[in-house]
Chemist: 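Could you have a look at this structure, given as structure tokens, before my questions?
Throughout, a chain's letter reflects where its sequence line sits, starting with A, and its residues are numbered from 1.
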There are 2 protein chains.
Amino acid sequence: MRTVDLIHRKRDGEELAVEELQFLIDSYTRGDIPEYQMAAFLMAVYFSGMSDREVSAMTESMLNSGSTVDLSAIPGIKVDKHSTGGVGDKTSLIAAPLAASAGVVVPMISGRALGHTGGTLDKLESIPGFRTDLTVDEFRALLEQYNLAFIGQTLDVAPADGKLYALRDATATVESIPLIATSIMAKKLAVGLDALVLDVKVGSGAFMKKQVDARRLAQMMVGIGRRMDKRVQALITDMSQPLGYAVGNALEVMEVSQTLQNAGPADLTRISLELAARMIYLGKVAKTLDEAREIAQANLLDGSGYRKLKEVIQAQGGNPQVLDRFDLLPNATGAQEITTARAGYVSAIDAELIGQASSLIGAGRNTKEDTIDPAVGVILEVKVGQKIDAGSILCRIYYTGEEHLEEAAELVEDAFKISQQPVDERDLILEVVS
Amino acid sequence: MRTVDLIHRKRDGEELAVEELQFLIDSYTRGDIPEYQMAAFLMAVYFSGMSDREVSAMTESMLNSGSTVDLSAIPGIKVDKHSTGGVGDKTSLIAAPLAASAGVVVPMISGRALGHTGGTLDKLESIPGFRTDLTVDEFRALLEQYNLAFIGQTLDVAPADGKLYALRDATATVESIPLIATSIMAKKLAVGLDALVLDVKVGSGAFMKKQVDARRLAQMMVGIGRRMDKRVQALITDMSQPLGYAVGNALEVMEVSQTLQNAGPADLTRISLELAARMIYLGKVAKTLDEAREIAQANLLDGSGYRKLKEVIQAQGGNPQVLDRFDLLPNATGAQEITTARAGYVSAIDAELIGQASSLIGAGRNTKEDTIDPAVGVILEVKVGQKIDAGSILCRIYYTGEEHLEEAAELVEDAFKISQQPVDERDLILEVVS
């Protein structure tokens, strides 16, 4: 088998065989295929795509490229949740405790912020003392005791993915649907999951700008799961405006706390409950999805989810009191109000621009080496559809230093569109793929 | 300027600026851009193509990547000829002496065989003593004295091309029209040419299988020439059957000698005369193309071209008597006749299969490291359109060893198609691009 022939055939739109993809991934991981051949292959995939059979084969090779985490000794059905990333997307911190408090085992493997989107790990680390660098044994013990634990992608799973991702990042091949699907699924399935709920975001603040792309990605990932006997469901949800009001790590933890006490934003509450319900349903705690929805709702209303998150924060070394006393979280030192000169209706809040502004003042990172300022971010005062008067506050930027503040303020101002006509409400949950 | 952004934009079909392509080629040649980024860029070019402005900019950067050969001290107009490669294509060895004997200065930079196509350098080296590894000073001196000299691509010109070609070869990006155009033109224009005649081959035996691709390649190369103030004309010629009768290095030298004595095959004579005429016209020896054609014809009939080749063979260390006494050339030790069982008309002789067969028994090379057997090859006994009886000899395979002989014979048998109906003649010169 010659690598150049495989590149050639993929370039010409042919389907590669399972063992050919296996050869590519195995040889590349071992260092037997040079980076430049894999780079050409990835660009050929970008243009020629991959069949469902190919993405399944590639995923399987990637997840077999390193060790896998065996959770079979832990009783119960293991269900993880993954979001493709958005702005203000803190649903993991709400849905996971809700599902865990209902009896689902939730081994949460979380990522970090990159570009304009946030990462669950960074949000958790804004809680003083919180540790995400667990060993596998610690992770297992926490899961057994609490049904829920949060761990970083520090596990030695799917090393092929790490190597491929770095290469994609340098060769403009990140935005390939089959490559995104294999990357997500290889990492997730390398941890002994039984089921997975996916939140595929679509809109200006998401990686996928078009619903047709989001659908294709969701279908691919659900298909990979099916071929590997894992139950996978995907929601396609709107990310044209930030989710909830808070964008920024500690600010989002505060909003999580409010939401788990049933005092959060309607959009965030709605998506989090639906994700939790799907996790509860796939976790076989409920026989029907409707029953699962009732359980999720009940665990929100009676505070079970809230208490579960507190428990896990304490178990992972954090101070659980932060959920009640926000002054214990890192706090910004300054706030700048952004106001509108015109009255009307908020017709759009560009999530990508809000995310970029927030990242610029320190809430995100542009390269993996950047450090995060947990205190800073943006809190919206309005959402799309809302009627506003001239002079209204649109949002506040919370900062700790004035570097980039002006630039961030300009981005935020550009993000808001005001129209004279009332605005139709956009659906929040656009599709379900299962 | 970030390389990944340039890859990204090329991937998305955007046109890159002159200085962006310059940055890419310069940095890559210096080793500042890693192979994997250039590999991804090349695959993006394969899919997204390049504008005429882009190929010109890339060619200029490539030819400026190393030293250039200055021939300005030599009086006269310098005109080279380049073929994109075919089977039995020995026109350089005929057209160049015809043009040189008419007063055009012809600095012939020639290549070697690769795959199923032959190379002028290998043909010349079948002549005992012939040296192609000239120094630049020797090359200049020969040009001044004889108007003609043959040199290999050993000159330190366009090093970016050598590096890029090796990468393309390993990443399935050889067959990209803009990349082929830039590669040819950078090497050619790095030698102080005033004009260039291109022979773009199309058909089963050529690199370009479709006329539309051959035309696009020809147009690109002519356009690059125009932007750099060089006069470039391209013929698009048929390569569906081998050119002439002889395929194989020494065998082709014999056919060259016959053709320069006006006793060669009609197709080979016709194309060689037309190429020579274009060289004479671009070399401003004649005012019109028709006048140039008359000069080429006259120099064939009066033996000037034949004597010119003899002179140059002697000047480059070879034995000029080989053109009269073919037994002085390397000769095969065995010949195998391929006959037809059926009577009818020869409707096709697949040039690629004949080329592969010839290469298989030693006339060509599959990797750059293979050595050539100058004696072996195939001599056709018939051409397309010819009426044949059952039992007729279609061709003879000339070999020195029996390894691969059987396999070669099978390829050759497959190459001939016999039909019961008379066959329409195919045009030899399909188009002129200028």
Side-chain angles (χ1 to χ4, degrees), chain A residues 1-14 16 20 23-24 27-29 31-50 114-115 160 162-180 207 209-210 213 366-368, chain B residues 1-14 16 20 23-24 27-29 31-50 114-115 160 162-180 207 209-210 213 366-368:
Chain A
M1 213 176 294
R2 295 199 321 153
T3 306
V4 63
D5 297 332
L6 301 182
I7 303 171
H8 199 289
R9 285 173 44 217
K10 177 43 64 193
R11 186 200 79 185
D12 290 351
E14 286 181 39
L16 300 187
E20 290 172 332
F23 164 81
L24 271 179
S27 310
Y28 175 64
T29 310
D32 291 346
I33 289 180
E35 300 283 347
Y36 58 82
Q37 285 192 312
M38 190 49 77
F41 178 77
L42 294 174
M43 189 60 88
V45 169
Y46 178 87
F47 281 98
S48 296
M50 276 187 149
L114 197 61
K163 214 177 155 187
L164 280 169
Y165 192 86
L167 184 59
R168 286 166 57 202
D169 196 40
T171 56
T173 48
V174 169
E175 301 94 333
S176 157
I177 292 174
L179 297 180
I180 295 169
F207 215 61
K209 307 294 181 196
K210 287 185 275 182
D213 291 337
N366 279 311
T367 72
K368 284 180 195 158
Chain B
M1 215 176 294
R2 294 200 320 155
T3 305
V4 64
D5 297 331
L6 301 182
I7 303 170
H8 198 289
R9 285 173 44 217
K10 178 42 66 192
R11 186 200 79 184
D12 289 351
E14 286 181 39
L16 299 187
E20 290 172 332
F23 164 81
L24 271 179
S27 310
Y28 175 65
T29 311
D32 291 346
I33 288 180
E35 299 285 346
Y36 58 82
Q37 285 192 312
M38 190 49 76
F41 178 76
L42 294 174
M43 188 59 87
V45 168
Y46 178 88
F47 281 97
S48 297
M50 276 186 148
L114 197 62
K163 213 177 156 188
L164 280 170
Y165 192 86
L167 184 58
R168 284 166 58 203
D169 198 39
T171 56
T173 49
V174 170
E175 301 95 331
S176 157
I177 292 174
L179 297 180
I180 295 170
F207 214 63
K209 308 293 180 197
K210 287 185 275 180
D213 291 337
N366 279 312
T367 72
K368 283 179 194 159

Chemist: Checking A/F41 against chain B: side chain, backbone, both or neither under 4.5 Å from a heavy atom?
Modeler: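 The answer is neither part of A/F41.
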Chemist: Tell me, do A/Y165 and A/V174 make a side-chain contact under 4.5 Å, heavy atoms counted?
Modeler: yes
Chemist: Tell me, side chain or backbone of A/D12 under 4.5 Å from chain B's heavy atoms, or both, or neither?
Modeler: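 Only the side chain of A/D12 comes within 4.5 Å of chain B.
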Chemist: When you compare the side chain of B/Y36 with that of A/M38, does any pair of heavy atoms fall below 4.5 Å?
Modeler: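 Not touching, per the 4.5 Å side-chain cut-off.
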Chemist: For chain A, find which of B/I7, B/L6, B/T3 contributes the most heavy-atom pairs closer than 4.5 angstrom.
Modeler: B/I7
Chemist: Could you tell me the separation between the OH atom of B/Y28 and the CG atom of B/L42, rounded to the nearest 0.5 Å?
Modeler: 7.5 Å
Chemist: If I measure from the heavy atoms of chain B, does A/L167 come under 4.5 Å with its side chain, its backbone, both, or neither?
Modeler: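 The side chain, not the backbone.
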Chemist: Counting heavy-atom pairs closer than 4.5 Å to chain A, which one of B/M43, B/K10, B/R11, B/R2 comes out on top?
Modeler: B/R11
Chemist: Give the C-alpha distance, both sets of side-chain angles, the deciding distance and a yes or no for side chain to side chain contact (heavy atoms under 4.5 Å, CB included) between B/E20 and B/R9.
Modeler: CA-CA 11 Å; B/E20 290 172 332; B/R9 285 173 44 217; 2.8 Å; yes
Chemist: Does the A/E35 side chain pair with the main chain of B/E35, one donor and one acceptor, at a distance under 3.5 Å?
Modeler: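 No; zero donor-acceptor contacts below 3.5 Å.
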